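The block underneath contains the structure these notes are about, expressed in structure tokens.
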Amino acid sequence: MPNPVVRWQILSSEPDQAAGFYQKLFAWKLSTANALGYRELLSGSAAGIDGGVWPAPPGVKGFVQLFVEVPDLDDCIAKATGLGAQIIIPKSVLPDGDAMAVLLDPTGISFAVCQLKPKT
Amino acid sequence: MDLRQTLTAEFDQRRRRNARYSLRAFARDLGTDHATLSQLLRGRRVLSPRLVRQFGRRLHLSDADIADACEQHHADAILRLARLASFRPNSRWIATRTGLPLDAVNAALARLLHQRQLVMSSADRWTITVISHA
């Protein structure tokens with residue numbers, strides 16, 4: 001399992017503005033048709049990866065997170081913390097069935113690991 | 001930031017400086033009435049978003065602290081809702097029920113997950129993990 005980067009996420013204090021900017025700039029499709037109202041930005045291209053925009057915590061400057069798909073989320077979280085990462089958001093199962101956790105690497109950069117729901 | 005705790009701590013501090021400083025005087029300084037403040041401090045009444053901002057300004061909190069207090073207020077509203085049997089693990093539903101903007105709901109959800117107060121244990125089940133006085 002190569003543990004690919006499968007998604008990017010912008011955390012912005014102005015999520016509407018950020019999503020609108022990239023949608024217009026790159027002609028990406030913006031979709032919020034999900035239980036969280038998550039702003040997904042879809043390029044429609046087979047190349048590259050899609051992403052989305054989430055509201056940033058108050059007082060936090062916007063930043064980007066990468067999502068890495070792993071075969072076993074619990075194992076990966078345990079391995080990451082063993083290597084010095086901290087858990088920001090513990091394993092959470094999203095309404096669409098995908099599971100994710102947000103971690104802080106030992107250098108202070110946040111990233112997410114996810115285990116996608118098997119495609120039916 | 002839990003504004004109720006901040007209010008209690010501020011009142012205690014003012015009382016230490018001046019033993020005659022009353023709850024009525026504190027309410028006046030916050031721009032509210034004695035009964036409302038008393039109920040808020042005892043957890044008998046829920047802070048409204050307007051009062052969170054008003055009290056934050058009167059206490060000279062920074063914009064970041066007021067924003068943080070507002071988000072905690074939103075998180076508390078979600079926790080109250082999550083105790084209901086009719087609760088649905090769906091941001092849109094929560095936004096409709098609380099009257100909060102969808103982004104405020106999602107930011108507060110992230111906060112609750114970070115604080116380990118809420119667990120998304122499955123696609124259709126979110127559970128509260130701590131007893132809150134929200």
Side-chain angles (χ1 to χ4, degrees), chain A residues 9-20 30-40 52-63 65 67 73-74 77 85-104 110 112-120, chain B residues 1-3 49 52-53 56 61-76 78 81-82 87-130:
Chain A
Q9 175 169 264
I10 293 171
L11 284 98
S12 171
S13 58
E14 302 290 345
D16 252 339
Q17 190 180 342
L30 174 63
S31 171
T32 58
N34 54 76
L36 296 176
Y38 183 66
R39 295 173 181 83
E40 289 184 285
V53 182
W54 185 259
V60 174
K61 197 176 172 187
F63 60 101
Q65 276 174 341
F67 281 60
L73 198 54
D74 295 312
I77 293 169
Q86 295 173 41
I87 300 172
I88 299 177
I89 293 184
K91 179 181 176 180
S92 303
V93 183
L94 302 173
D96 65 3
D98 295 344
M100 57 157 280
V102 179
L103 307 172
L104 199 65
S110 72
V113 286
C114 60
Q115 190 174 343
L116 304 182
K117 183 183 70 171
K119 290 188 173 74
T120 53
Chain B
M1 167 180 283
D2 184 325
L3 191 58
V52 171
R53 284 189 289 273
L61 299 181
S62 66
D63 289 347
D65 280 346
I66 292 174
D68 188 67
C70 285
E71 191 179 89
Q72 183 62 52
H73 174 76
H74 300 157
D76 290 344
I78 294 172
L81 206 54
F87 179 74
R88 290 189 207 167
N90 179 309
S91 296
R92 293 181 188 282
W93 182 84
I94 294 170
T96 302
R97 289 293 301 266
T98 57
L100 295 172
L102 192 55
D103 283 328
V105 169
N106 284 335
L109 280 174
R111 181 191 192 95
L112 289 169
L113 294 172
H114 172 63
Q115 294 174 337
R116 304 345 186 225
Q117 290 188 279
L118 189 77
V119 174
M120 294 180 172
S121 47
S122 71
D124 56 3
R125 184 170 172 79
W126 297 355
T127 50
I128 301 174
T129 58
V130 293

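For clarity, every value in this text was computed on a predicted model and none was experimentally measured. Lettering of chains follows the sequences in order, A, B, ..., and the numbering in each one begins at 1.
- Heavy-atom pairs under 4.5 Å with chain A peak, among I94(B), L109(B), N90(B), D103(B), at D103(B).
- Using a 4.5 Å cut-off between heavy atoms, P15(A) touches chain B through its side chain atoms alone.
- At a threshold of 4.5 Å between non-hydrogen side-chain atoms, the residues P90(A) and R116(B) count as touching.
- For a residue to count as touching a neighbouring chain, one of its non-hydrogen atoms must lie under 4.5 Å from one of that chain's; by this rule D98(A) does not touch chain B.
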**Asked** Under the side-chain contact (heavy atoms from CB on, under 4.5 Å) criterion, do R92(B) and L102(B) qualify, and how do the steps go?
**Response** CA-CA 6 Å; R92(B) 293 181 188 282; L102(B) 192 55; 4.0 Å; yes

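- Comparing I88(A), D96(A), V60(A), V102(A) by how many heavy-atom pairs each has under 4.5 Å with chain B, the most go to I88(A).
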**Asked** Could you go step by step and tell me if Y38(A) and E40(A) meet the side-chain contact (heavy atoms from CB on, under 4.5 Å) rule?
**Response** CA-CA 6 Å; Y38(A) 183 66; E40(A) 289 184 285; 3.6 Å; yes

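- Of all the listed residues (G59(A), P57(A), A99(A), G37(A)), the one sharing the greatest number of non-hydrogen pairs under 4.5 Å with chain B is G37(A).
- Within the 4.5 angstrom heavy-atom criterion, no atom of W93(B) approaches chain A.
- For D124(B), no part sits under 4.5 Å from any heavy atom of chain A, backbone or side chain.
- Counting heavy-atom pairs under 4.5 Å between each of L36(A), I87(A), L94(A) and chain B puts L36(A) at the top.
- For L11(A), no part sits under 4.5 Å from any heavy atom of chain B, backbone or side chain.
- In this structure a side-chain-to-backbone donor-acceptor pair under 3.5 Å is missing from Q65(A) to A112(A).
- Using a 4.5 Å cut-off on side-chain heavy atoms (C-beta onward), R39(A) and D16(A) make contact.
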**Message:** Checking R111(B) against D68(B) for the side-chain contact (heavy atoms from CB on, under 4.5 Å) test, could you report, in this order, the C-alpha distance in whole Å, the side-chain angles of both residues, the deciding distance, and whether it holds?
**Reply:** CA-CA 10 Å; R111(B) 181 191 192 95; D68(B) 188 67; 3.0 Å; yes

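- A donor and an acceptor atom, one from each side chain of Q72(B) and D76(B), are located under 3.5 Å apart.
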